[in-house]
Amino acid sequence: MADVTCTRCAQTREGFDRAPFPGAIGARVTSEICRDCWGQWLKQQTMLINHYGLNVMDPQARQFLTKNLEAFLFKAGREEGVDTSKQGTINW
Ligand SMILES: [Zn+2]
């Protein structure tokens, strides 16, 4: 198991043997993100899905989650805050 110096938490921790996500982002996660931070993202993702009532089969929902994944793990772009006053009223 290869260690990775994680972009998000700056710790050298256990990384991935196999990309946990498809495409270029998955490759980047494999080379830059530790398992701990990925686990935190999965929790965040579940929270976003529940909070916004997302259908993960919906391409727009997937795009939204991918954007948040990048913000969460790589500090790129804007991360969607979970504002409880806006529950169920997300604007695409
Ligand atoms: Zn990390």
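Read the numbers this way: they start at 1 and go in the same order the structure lists the ligands and their atoms. Every heavy atom of this structure was used, including side-chain atoms; hydrogens, water molecules and symmetry mates were not.
By the side-chain hydrogen bond (donor to acceptor under 3.5 Å, both in side chains) test, T12 is found to be paired with T5, residues two or more places apart in sequence or in another chain being considered. Here R28 pairs with E32 under the salt bridge (charged side-chain N to carboxylate O under 4.0 Å, His left out) rule; sequence neighbours left out. Under the rule for a side-chain contact (heavy atoms from CB on, under 4.5 Å), Q63 has no partner lying at least two apart in sequence or in another chain.
For the pair F72 and C37, the tightest heavy-atom approach, listed with the atom from each and the gap, is CE2-O, 4.1 Å.
Panel note: side chain R62, backbone V56; a donor-acceptor pair is recorded below 3.5 Å.
Considering only heavy atoms from C-beta on, F21 stays 4.5 Å or farther from I33 through its side chain.
Counting only protein atoms, the N, O or S atoms lying less than 2.8 Å from the Zn ion (ligand 1) are C6 SG, C9 SG, C34 SG, C37 SG, ordered by chain and residue number.
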